[in-house]
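Counting starts at 1 for both ligands and their atoms, in listed order. Bear in mind the structure is a predicted one, so any value in this text is a computation, not a measurement.
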Amino acid sequence: MDGIAARKGGSPADKYGIFIYPGSFDPVTFGHLDIITRASGMCGRLLVAIGRNREKKTMFTVEERLDMIRDVIAAHGADGKYDLSNVEAVAFNGLLAHFAKNSGANVVVKGLRAMSDFEYEFQMALLNKYLDDQLETIFLMTNVEYTYLSSSAVKEIALNGGCLDGLVPACVSERINAKILKMKEMNQ
Ligand code: PNS
């Protein structure tokens with residue numbers, strides 16, 4: 001890939017563009033990691049950005065989610081098979097379009113699992129374009145292995161004692177189990 005046009009006024013170093021992959025990441029799953037890995041190869045810098053979804057009550061704090069994403073990126077890049085050195089985990093408040101502009105990001109990346117994701121993502125992409133006409137949204141089709149996977153399903157499985165192998169990295173399942181234990185202790 002020859003690179004996507006940098007934002008107007010961007011530096012030549014931005015020639016491969018800064019991409020932003022926003023989400024709740026509550027918690028980060030293998031499906032997210034697949035999108036992170038593929039998107040990181042398409043841009044100069046990839047910001048994995050935790051935003052606020054007003055519709056969702058989260059299991060993890062923003063700091064906990066940032067820690068998990070950072071650990072997962074470090075572990076995934078550590079075996080030398082993937083170079084994720086251009087990936088950074090960040091958090092933002094307010095509108096994604098404003099955060100993207102302030103970060104110099106010109107492309108929003110989202111994963112699409114099925115038609116059911118499309119309507120919501122299409123609306124988000126158009127709203128973000130309305131807010132900033134220099135901001136493009138691109139979609140990566142999810143790896144077929146992960147079409148059924150979501151953070152909500154992971155939490156549901158964990159809360160009911162199911163196995164998380166193959167759904168989230170080990171460092172994430174450890175944190176989920178610790179969180180559930182803590183929640184149970186607090187409810188006793
Ligand atoms: O993983 P999610 O829950 O689908 O992520 C949604 C998120 C956080 C990317 C989205 O809600 C978001 O961008 N929130 C910030 C506010 C915003 O810009 N909304 C879009 C315009 S209404």
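- Placement of Leu131 and Phe92 in two distinct hydrophobic clusters is found when ILVMFWY residues are connected by side-chain heavy-atom separations under 4.5 Å, directly or transitively.
- One finds the CG atom of Leu84 at 7.0 Å from the CG atom of Leu33 (value rounded to the nearest 0.5 Å).
- Contacts between Arg54 and ligand 1, counted as non-hydrogen atom pairs separated by less than 4.0 Å, are absent for every part of the residue.
- Of all protein heavy atoms, the one lying nearest to atom 19 (N) of ligand 1 is Leu95 CD2, 4.3 Å.
- The single protein non-hydrogen atom nearest to atom 2 (P) of ligand 1 is Ser24 OG, 3.4 Å, given as residue, atom name and distance.
- Taking a cut-off of under 4.0 Å to the non-hydrogen atoms of Leu96, the atoms of ligand 1 that pass are 13 (O), 17 (C), 18 (O).
- Nearest non-hydrogen protein atom to atom 7 (C) of ligand 1 is Gly23 CA, 4.5 Å.
- For the pair Glu121 and ligand 1, the shortest N or O to N or O distance does not fall below 3.5 Å.
- Counting only heavy atoms of the protein, atom 20 (C) of ligand 1 lies nearest to Met124 SD, 3.6 Å.
- Arg175 CZ to Asp67 CG: the interatomic distance, rounded to the nearest 0.5 Å, is 5.5 Å.
- In terms of protein heavy atoms, atom 10 (C) of ligand 1 is closest to Tyr120 OH, 4.2 Å.
- Nearest protein neighbour of atom 11 (O) of ligand 1, counting heavy atoms only, is Arg52 O, 3.7 Å.
- The residue from Met183, Lys179, Glu185 that alone fulfils the side chain to side chain contact (heavy atoms under 4.5 Å, CB included) condition with Leu181 is Glu185.
- Residue, atom and distance of the protein heavy atom nearest to atom 16 (C) of ligand 1 are Gly94 O, 3.5 Å.
- Proximity of a side-chain donor or acceptor of Arg65 to a complementary backbone N or O of Phe60 within less than 3.5 Å is detected.
- Residue contact check: Pro22 has heavy atoms under 4.0 Å from atoms 9 (C) of ligand 1.
- Atom numbering of ligand 1 starts at 1 in the shown order; those under 4.0 Å from a heavy atom of Lys56 are 1 (O), 2 (P), 3 (O), 4 (O).
- Within the 4.5 Å cutoff, the side chain of Val87 has no heavy atoms near those of the Arg45 side chain.
- Put simply, the side chain of Met124 does not reach to within 4.5 Å of the side chain of Thr137, judged on heavy atoms.
- Residues Val109 and Phe139 are not in side-chain contact: their nearest non-hydrogen atoms beyond the backbone lie 4.5 Å or more apart.
- For atom 22 (S) of ligand 1, the closest heavy atom belonging to the protein is Leu127 CD1, 3.9 Å.
- Residue Gly51 approaches ligand 1 through these ligand atoms, each under 4.0 Å from one of its heavy atoms: 8 (C).
- Counting heavy atoms closer than 4.0 Å to ligand 1, residue Phe25 contributes nothing at all.
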Criterion side chain to side chain contact (heavy atoms under 4.5 Å, CB included) on Val107 and Ile20, from CA distance to verdict: CA-CA 6 Å; Val107 176; Ile20 188 160; over 6 Å; no
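- Defined by atom type and a distance below 3.5 Å, a donor-acceptor pair is missing between the side-chain atoms of Ser24 and Asp26.
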